[in-house]
Amino acid sequence: MSRVSASDAHAAQTSRGRWPLDRSSIREVLGIYAVLSALGIAMGSLATAWSESSGDPSLDEGTVSWWNARRSTTLDTLTDVGSSFADTAVLGALVAVLFLVLVFGLRRRIGATALALALGLEVTVFLTVSAVIGRARPDVEQLDPAPPTASFPSGHVGATVTFALIVAVIVFWATRKAVWRALAVTAAVVLPVMMALSRMYRGMHFLTDVVGGALLGAAAAVGAWLVVTRALERTHEEDETV
């Protein structure tokens, strides 16, 4: 099977006005969802069992206690800002604006599709795993309103990782300018770390919650991009046979 470059495939898609997904993409997305949900449930079960059996205090509880003992007015304010980035209203609005810019401003439907698919996949996997695991949040004062979802995995961290990674991939695909690529890589590292530290500091998650969220978020981003690129390859092969 011949492989097609992202730029060539993008040009072909744009000229026909198509969205870069096909019927096979639906099966691939459902398969990725099933695999990631199963892995997330397995990780959550292991994390909960390990935390409960690893002694007193466990690493999870010790990490929460360490942050709790270092709270200050300054850190409260900084982590409030950091944690708010992945609030549903804030991140949802940011994704919506970026999606519209990619579609109508930059005419890059491939990137827009990957962005929407990645975040949608992350959210559905997160909700599934959270509902099955049902882990209680840390037994400390929580500085944010607790959402109805469980502690594992961290949805804030997962969504931040997915968003940052898929945007970095879009930037690398769209431009060769070093400054933009450097900014994308920096954001892909800084934003998830900031979110993970903020959520633990504010008493919303254990260490294993943010690690699990980060892994699932990264897997959702990679899975979404693979689905999009595979669909582009199939379209290119179909065009060659016409």
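Atoms considered below: every heavy atom in the structure, side chains included; atoms not considered: hydrogens, waters and symmetry mates.
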Subject >> Co-membership, hydrophobic cluster, residues Val29 and Leu119, 4.5 Å side-chain >> reply: yes
**OP:** Decide whether Val222 and Val167 are clustered together by the hydrophobic rule: side chain heavy atoms of Ile, Leu, Val, Met, Phe, Trp, Tyr closer than 4.5 Å, transitively.
**Re:** no
Original post:
Quick one: are Ile133 and Ser45 in side-chain contact, heavy atoms under 4.5 Å?
Top reply: yes
Original post:
When rounded to the nearest 0.5 angstrom, what is the spacing between CG in Leu94 and CZ in Phe99?
Top reply: 14.0 Å
**OP:** Calculate, to the nearest 0.5 Å, the distance between atoms CD1 and CG belonging to Ile32 and Leu117 respectively.
**Re:** 7.5 Å
**OP:** Taking all non-hydrogen atoms of both residues into account, name the closest pair between Ala187 and Ala164 and its distance.
**Re:** O-CB, 4.1 Å
Original post:
Would Val185 end up clustered with Val190 when hydrophobic side chains under 4.5 Å apart are linked, directly or stepwise?
Top reply: no
Subject >> Side-chain donor/acceptor of Thr175 to backbone N/O of Val171, under 3.5 Å >> reply: no
**OP:** Check whether any side-chain heavy atom of Tyr201 sits under 4.5 Å from a side-chain heavy atom of Asp76, and report yes or no.
**Re:** yes
Original post:
Do you know which two heavy atoms are closest between Val140 and Gly203, and how far apart they sit?
Top reply: CG2-CA, 3.7 Å
**OP:** Please name the pair of heavy atoms, one in Glu122 and one in Thr162, separated by the smallest distance, quoted to 0.1 Å.
**Re:** CG-OG1, 3.3 Å
Original post:
Got a second to check how far Leu21's CG is from Arg109's CZ, nearest 0.5 Å?
Top reply: 11.5 Å
**OP:** Could you tell me whether the side chain of Arg137 and the main chain of Met204 form a donor-acceptor pair under 3.5 Å?
**Re:** yes
Subject >> Within 6.0 angstrom of Trp180 CH2, more than 12 heavy atoms from elsewhere >> reply: no
Original post:
In Å, rounded to the nearest 0.5 Å, how long is the span from CG of Leu36 to OG1 of Thr128?
Top reply: 10.5 Å
Original post:
Of all heavy-atom pairs between Val193 and Val189, which one has the smallest distance, and what is that distance?
Top reply: CG2-O, 3.2 Å
Subject >> Rounded distance [0.5 Å steps], NE2 in His156 versus CG in Leu91 >> reply: 9.0 Å
Original post:
Hey, any chance Phe126 and Leu191 share a hydrophobic cluster, counting ILVMFWY side chains that come within less than 4.5 Å of each other, even indirectly?
Top reply: no
Original post:
Does any non-hydrogen side-chain atom of Ile110 lie less than 4.5 Å from one of Trp173?
Top reply: yes
Subject >> Smallest separation among heavy atoms of Ala220 and Leu121, with atom names >> reply: O-CD2, 3.8 Å
Original post:
In terms of heavy-atom contacts, does CZ of Arg70 have more than 12 from other residues, nucleotides or ligands at under 6.0 Å?
Top reply: yes
Subject >> Val211 reachable from Met195 in the ILVMFWY side-chain graph, under 4.5 Å edges >> reply: yes
Subject >> Closest heavy-atom pair and its distance - Ala214, Val157 >> reply: N-CG1, 3.8 Å
Original post:
If we only count heavy atoms from C-beta on, is the Thr79 to Leu197 side-chain gap below 4.5 Å?
Top reply: no
Subject >> Sole residue of Pro153, Ser198, Ser154, Pro138 in side-chain contact (heavy atoms from CB on, under 4.5 Å) with His205 >> reply: Ser154
Original post:
With distance as the sole test, does Arg108 use its side chain to make a donor-acceptor pair with the main-chain N or O of Leu102 at under 3.5 Å?
Top reply: no
Subject >> Close side-chain approach of Leu143 and Arg71, heavy atoms under 4.5 Å >> reply: yes
Subject >> Close side-chain approach of Phe206 to Val64, heavy-atom, < 4.5 Å >> reply: yes
**OP:** Determine whether the side chains of Arg135 and Thr208 contain a donor N or O and an acceptor N or O closer than 3.5 Å.
**Re:** yes
Subject >> Non-hydrogen side-chain atoms of Phe152 and Met43 separated by less than 4.5 Å >> reply: yes
Original post:
Would you call Trp50 and Asp60 a side-chain contact if the rule is heavy atoms closer than 4.5 Å?
Top reply: yes
Original post:
Hey, is the main chain of Asp80 close enough, under 3.5 Å, to the side chain of Ser83 for a donor-acceptor pair?
Top reply: no
Original post:
Rounded to the nearest 0.5 Å, what separation is found between the OG1 atom of Thr63 and the CG atom of Asn68?
Top reply: 12.5 Å
